[in-house]
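First the structure, in the form of structure tokens, and then the observations on it.
Reckoned from all heavy atoms, side chains included, excluding hydrogens, waters and symmetry mates. Nothing here was measured: the structure is a model prediction, and the numbers come from that model.
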Protein chains: 2
Amino acid sequence: MATLKDVAALAGVSTATVSLALNGGPVNAKTRQLVLKAAKQLHYVPNRIGQMLTTGRSNMIGLIILTGSEFPDIVRKTSLFYYLMEGVLAVADKEGFGVSFAVKSHDDPLLPQYFAEIIGSGTIDGIAVIPQFAREYRFTNLLQEANYPYVLLRPSRFGIDANHVDMGNFEGGKMVAELLVDSGARRIGIINGPSSHVDAIERERGFGEALLDRGGMIVARQYGEFTIESGHAAMRKIAERGLPEAVFCGNDYMAAGALRFLRSIGANCPKDIAIVGYDNNDVAIATDPQLTTVDNRFFDLGYIMADEVIGLIRGNTSHVARVVLPEMKLRESHLFGRSSANAQPTSASA
Amino acid sequence: MATLKDVAALAGVSTATVSLALNGGPVNAKTRQLVLKAAKQLHYVPNRIGQMLTTGRSNMIGLIILTGSEFPDIVRKTSLFYYLMEGVLAVADKEGFGVSFAVKSHDDPLLPQYFAEIIGSGTIDGIAVIPQFAREYRFTNLLQEANYPYVLLRPSRFGIDANHVDMGNFEGGKMVAELLVDSGARRIGIINGPSSHVDAIERERGFGEALLDRGGMIVARQYGEFTIESGHAAMRKIAERGLPEAVFCGNDYMAAGALRFLRSIGANCPKDIAIVGYDNNDVAIATDPQLTTVDNRFFDLGYIMADEVIGLIRGNTSHVARVVLPEMKLRESHLFGRSSANAQPTSASA
DNA sequence: TTGAAAGCGCTAACAG
DNA sequence: CTGTTAGCGCTTTCAA
């Protein structure tokens with residue numbers, strides 16, 4: 001590989017001049033041409049390690065997803081994170097950053113160590129972290145104390161001190177309650193995910209509060225594990241005491257399971273009972289009827305997180321606290337009382 | 001941040017000794033203790049940039065996904081790539097590598113430039129590349145000539161010269177044909193994806209050959225765009241001339257669309273017609289009946305690609321040519337002639 | 001077993 | 001506008 005020195009030698013100038021010429025510094029136009037020609041001739045590509053060492057910057061941001069071993073099936077859900085990654089990538093590309101990606105277990109005792117290495121190693125200028133469980137993490141202190149650029153994906157109410165982007169699970173739950181009440185349902189059930197999952201907690205809280213406000217009531221409550229089978233089983237349990245007018249499911253998998261159970265007993269959704277899911281996962285367009293659900297806007301979330309991390313790196317910002325509100329994805333399954341099975345499918349695009 | 005020098009000063013030894021002590025070199029046990037203590041006291045973390053510069057290695061591998069603008073909906077499918085990433089990550093973690101991730105458009109004219117920079121910049125020791133379209137790419141020559149460690153995900157028959165891992169789409173198509181014939185179907189249709197998509201081509205080729213061998217025949221052929229709607233439309237077209245006994249769909253989205261159309265005309269799958277999808281996407285477990293489909297083993301694919309890239313980096317290998325055979329995922333939709341709708345859902349796990 | 005010193009490739013301060 | 005020089009943090013000869 002050709003180095004700066006080689007280019008300098010060929011062009012007959014100093015390395016400093018080459019650096020200047022290549023980076024738009026104040027150089028005579030003729031000299032620049034000379035340098036450019038030499039660089040091209042040698043297929044010169046700047047060694048970024050050298051640049052990093054002198055500038056102290058790597059132009060890399062990290063995306064770190066924290067996963068757990070308690071609920072392996074949740075992992076499947078995380079293919080949604082791909083969209084988050086694409087959002088991160090979109091900003092990174094635009095701003096000239098690379099993206100380093102890692103998945104760590106949130107119960108790994110070496111986690112603080114891992115973050116300490118990120119802070120000290122110099123290979124990553126800042127990070128976006130996606131914790132999935134509602135615990136206090138020691139590493140946030142590390143990051144904070146080191147004044148290291150980071151942004152967490154987590155609810156605002158979990159302490160406003162840490163840099164965070166809130167994905168609006170509370171608001172999402174609220175939107176579902178409002179939609180269902182507006183659709184004419186009053187006696188409503190909920191099938192939620194594990195209560196240790198931070199998203200599940202927030203969704204239920206928002207749902208419950210808004211339902212109360214609007215004059216609806218929760219007449220059944222079950223907890224599943226974010227899987228189709230657990231949604232199926234939960235719906236069966238609920239049905240034992242008679243069908244409510246609507247059921248809010250904590251994610252689309254469980255909603256698909258509920259739908260399947262309903263069909264098996266000959267109940268029609270949404271005519272007899274409305275169902276709403278959460279996440280706008282692929283399953284939501286594959287069921288019949290297609291699921292009305294809440295889109296987390298993962299792409300936007302990734303985009304905004306990365307954008308804020310870069311802002312922090314560049315010193316344009318010093319603190320991050322934002323909310324990205326989810327969006328209702330209206331399809332058919334929420335239309336309580338109306339028969340609309342076998343309608344034309346809506347588009348698969350996000 | 002504390003540097004080697006700081007540790008050396010505190011321990012009262014030279015930087016060389018510190019380096020040796022920290023990296024398991026030949027150092028007096030007492031001295032090592034001294035150094036370790038000093039390092040801990042200063043919360044010393046080695047600056048990896050410095051290490052990279054001297055060793056010439058970054059201990060980073062890259063995962064590069066090539067995407068296109070022709071079929072935006074295909075992008076949605078790519079959330080499957082998340083599993084591939086997890087496979088890559090699993091190896092990287094195990095071998096002490098970091099992972100850098102990028103998505104590039106395969107029609108970007110700057111693509112060769114991008115690869116040239118990867119080769120020259122020194123930040124990535126090797127790459128796994130996922131092209132999605134059947135073209136000849138100029139960058140492979142670049143990589144080859146530079147003797148840069150790389151592995152492509154692509155069919156073996158596209159030239160055995162390049163390092164590649166074959167995801168076995170040909171074999172997958174074959175497996176589907178065999179399964180359908182074994183299930184009792186003979187007059188079979190196919191709904192495939194765009195013919196420019198490399199996976200689609202291979203699947204159809206394997207399917208067609210095996211079907212011929214087994215005495216089945218293709219009685220209908222439609223092309224969709226890997227979406228639910230296009231699968232729905234394609235099935236409608238096929239139904240106009242009478243239902244075949246089975247239809248192989250090039251991916252699960254189109255299979256879900258086909259299923260939906262069948263239900264709308266009162267046809268029962270799999271009693272009246274068998275359907276098989278491809279990919280083992282989330283949609284495959286959300287439909288009713290659940291889809292029999294082919295699992296690409298993306299995790300394993302990622303795992304093997306990363307493993308091979310690292311082998312190349314370390315000089316343990318000099319050429320890569322492997323096939324990872326897909327796996328049939330038997331559910332209900334292929335059981336031609338048998339009525340099994342509304343069975344218990346099978347597990348959501350992969 | 002330890003230390004001194006060179007050098008990886010680059011940028012930036014400074015002098016000219 | 002251009003060249004000289006120092007130095008980023010580390011590993012690695014080479015000597016002692």
Can you measure [X] atom [atom1] to [N] atom [atom2] for me and round it to whole angstrom units?
X: Asn59(B); N: dT11(D); atom1: CG; atom2: P; value: 12 Å
X: Gln51(B); N: dG9(C); atom1: CD; atom2: C1'; value: 17 Å
X: Arg48(B); N: dT11(D); atom1: CZ; atom2: P; value: 11 Å
X: Leu53(B); N: dT11(C); atom1: CG; atom2: P; value: 12 Å
X: Met52(B); N: dT11(D); atom1: CE; atom2: P; value: 12 Å
X: Asn47(B); N: dC8(D); atom1: CG; atom2: C1'; value: 8 Å
X: Ile49(B); N: dT11(C); atom1: CD1; atom2: C1'; value: 15 Å

Thr55(A) vs dC8(D): side-chain N/O to OP1/OP2 distance below 4.0 Å: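 False: Thr55(A) side-chain N/O out of range (4.0 Å or more) of dC8(D) OP1/OP2.
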
Any Tyr44(A) side-chain nitrogen or oxygen under 4.0 Å from OP1 or OP2 of dG9(C): no

Side-chain ([X]) to main-chain ([Y]) donor-acceptor, under 3.5 angstrom:
X: Asn163(A); Y: Val320(A); result: yes
X: Asn47(B); Y: Ile49(B); result: yes
X: Arg322(B); Y: Val165(B); result: no

Residues touching DNA chain D, which here means a heavy atom under 4.0 Å, drawn from residues 3-29 of chain B: Thr3(B), Leu4(B), Ala16(B), Ser19(B), Asn23(B)

Aromatic plane relationship, His319(A) with His164(A) - under 30° parallel, 30 to 60° tilted, over 60° perpendicular: perpendicular

Exceeds 12 heavy-atom contacts within 6.0 angstrom, atom CG of Asn316(B):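 Count over threshold, so yes.
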
Greater than 12 external heavy atoms within 6.0 Å of Lys94(A)'s NZ: yes

Of Leu152(B), Ile64(B), Leu66(B), Leu63(B), the residue whose pairing with Ile130(B) passes side-chain contact (heavy atoms from CB on, under 4.5 Å):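 Testing Ile130(B) for a side-chain contact (heavy atoms from CB on, under 4.5 Å) against Leu152(B), Ile64(B), Leu66(B), Leu63(B) leaves exactly one candidate, Leu63(B).
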
Residues forming a side chain to side chain donor-acceptor pair (under 3.5 Å) with Ser58(A), sequence neighbours excluded: Asp125(A)

Within the sub-3.5 Å range, which N or O atoms of nucleotides 14-16 of chain C have a protein N or O partner, and how far apart are they?
none

Gln51(A) CD to Leu53(A) CG distance, which is reported to the nearest 0.5 Å: 11.0 Å

